[in-house]
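Start at 1 with the first residue, then count along the sequence.
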Amino acid sequence: MKSRTMLAIAAFGATLLCAATASAAQFVGPGPDGRETLSQTYRESRMDDEAYQRSVKATKVFDNLWYVGPGYVSVWLLETSAGLILIDSAQEPYVDHVLENIRLSGHDPKDIKYIILAHGHLDHFGGAARIQEISGARVVLTAEDWPAVEAAGTRPGRNGAPPPRVPKCDMVIKDGDTITLGGQTVKFYFTPGHTDGALSFEYTVYDNGVPHKAFFSGGSGGRGGLKGAEQALGSAIRLNRDLVGVDVFTPAHAWTGGNQYPNGSIFERLERLKARKAGEPHPFVDKASFDTWLKAINTNAVELVAEEKAKLAAQPAPARQ
Ligand SMILES: [Zn+2]
């Protein structure tokens, strides 16, 4: 099992987490808070370590893009001349941290026009209701995943907390749809697999005025069962066929890295960005690593389909009546 699942998470008791594109990376070295652990994947996904999660401060990544999330799940803020687009929203107890990071970045949460959700899991949409109330933003997701968001509002939250506040089904996005705001166009890709309605998109970032095509993955890899595996394979084949010219990757989890996305996780790249000198390449502009990721999600999905089929074949046949 090379990747796909976030085994480290299970080891420390998190409740609802994504397995977007985790890899079993085995880096050793200090994280943003200076601590050392054996595994970068483990280190950067310490969901219940509030002090650590709140230590991740807003960082400007491109002329028009900020990282404003905690550590275990990404939140990106895209600036346009006509307002802000928030990419994912984290969940309680970190929504105030996201809001504080947005303010630290010099922006007003009231200027958020769209909140784009990766998929219908709480770690991604858990902050959307509060941020929508503050901003009046439209909340964007697929028809396939909106029911999961609404259903989550009827169940207890993390660690026995009351049901989370969730947005009502607002803006429904289909494959190929676009949103344009202040000169920025976001083009959506329907990429089921991790959930039935995971939502990915391409957009444009600028490094000292030079444009680059960026891609946000709303989750890749199946989440168990043949159906999810086959969905993930279909999504991987489609992205490999249709994504052209992407050289910047902004994944839904900042610990994404390792063999599947080599040359450093998002946090490692943020560290390198801080140390970048004039004229040096931007550590997030890395087409080779993105192409490796594209190939890896395909290879992993092929393997997963085979594993799921083997599991089904190994099951005893149902007794005849
Ligand atoms: Zn998820």
Do any N or O atoms from the side chain of [X] and from the backbone of [Y] form a donor-acceptor pair under 3.5 angstrom?
X      : Y      : result
Asp88  : Ala118 : yes
Lys213 : Glu202 : no
Asp108 : Asp111 : no
Glu150 : Pro147 : no
Asp63  : Asn208 : yes

Do [X] and [Y] touch side chain to side chain, with heavy atoms closer than 4.5 Å?
X      : Y      : value
Pro70  : Val98  : yes
Leu233 : Asn298 : yes
Pro251 : Ser217 : no
Ser200 : Phe215 : yes
Gln184 : Thr204 : yes
Leu65  : Leu77  : no
Pro164 : Leu122 : yes
Leu86  : Ile131 : yes

**OP:** Report the C-alpha separation of Glu92 and Arg130 in whole Å, then their side-chain angles, then the decisive distance to 0.1 Å, and conclude whether the salt bridge (charged side-chain N to carboxylate O under 4.0 Å, His left out) test is met.
**Re:** CA-CA 10 Å; Glu92 299 293 2; Arg130 269 187 65 196; 3.0 Å; yes
Original post:
Is atom NZ of Lys168 surrounded by more than 12 heavy atoms (other residues, nucleotides or ligands) closer than 6.0 Å?
Top reply: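 No, not enclosed.
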Can [X] and [Y] be counted as an ion pair, charged N to O under 4.0 angstrom?
X      : Y      : value
Glu100 : Arg103 : no
Arg276 : Asp207 : yes
Lys274 : Glu271 : yes
Asp96  : Arg54  : yes

Check: [X] ring centroid to [Y] ring centroid under 6.0 Å:
X      : Y      : result
His212 : His282 : no
Trp255 : Phe267 : no
His194 : His124 : no
Trp293 : Phe249 : yes
Phe190 : Phe188 : no

Measuring from atom [atom1] of [X] to atom [atom2] of [Y], what distance do you get when rounded to the nearest 0.5 angstrom?
X      : Y      : atom1 : atom2 : answer
Thr299 : Leu304 : OG1   : CG    : 12.5 Å
Ile237 : Ile297 : CD1   : CD1   : 10.0 Å
Leu294 : Lys287 : CG    : NZ    : 8.5 Å

Subject >> For Tyr67, the option from Phe62, Phe284, Trp76 that meets ring pair (Phe, Tyr, Trp, His ring centres under 6.0 Å) >> reply: Trp76
Are side-chain N/O atoms of [X] and [Y] paired as donor and acceptor at under 3.5 Å?
X      : Y      : answer
Tyr72  : Gln91  : yes
Tyr203 : Thr250 : yes
Thr178 : Thr185 : no
Gln132 : Asp170 : yes
Glu79  : His107 : yes

Original post:
Which of these passes side chain to side chain donor-acceptor pair (under 3.5 Å) with Gln231: Thr195, Asp196, Thr191?
Top reply: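 By the side chain to side chain donor-acceptor pair (under 3.5 Å) criterion, Gln231 pairs with just one of Thr195, Asp196, Thr191: Asp196.
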Original post:
Only one of Ile112, Asn64, Leu78 clears side-chain contact (heavy atoms from CB on, under 4.5 Å) with Leu84; which?
Top reply: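 Answer to the side-chain contact (heavy atoms from CB on, under 4.5 Å) test with Leu84 among Ile112, Asn64, Leu78: Ile112.
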**OP:** Start with the C-alpha gap between Asp177 and Lys187, add the side-chain angles, then the distance that decides, and say whether salt bridge (charged side-chain N to carboxylate O under 4.0 Å, His left out) holds.
**Re:** CA-CA 6 Å; Asp177 282 352; Lys187 181 184 174 191; over 6 Å; no
Subject >> NZ or CZ of Arg46 within 45° of Tyr52 ring axis and under 6.0 Å >> reply: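 The answer is yes, since Arg46 meets both limits relative to Tyr52.
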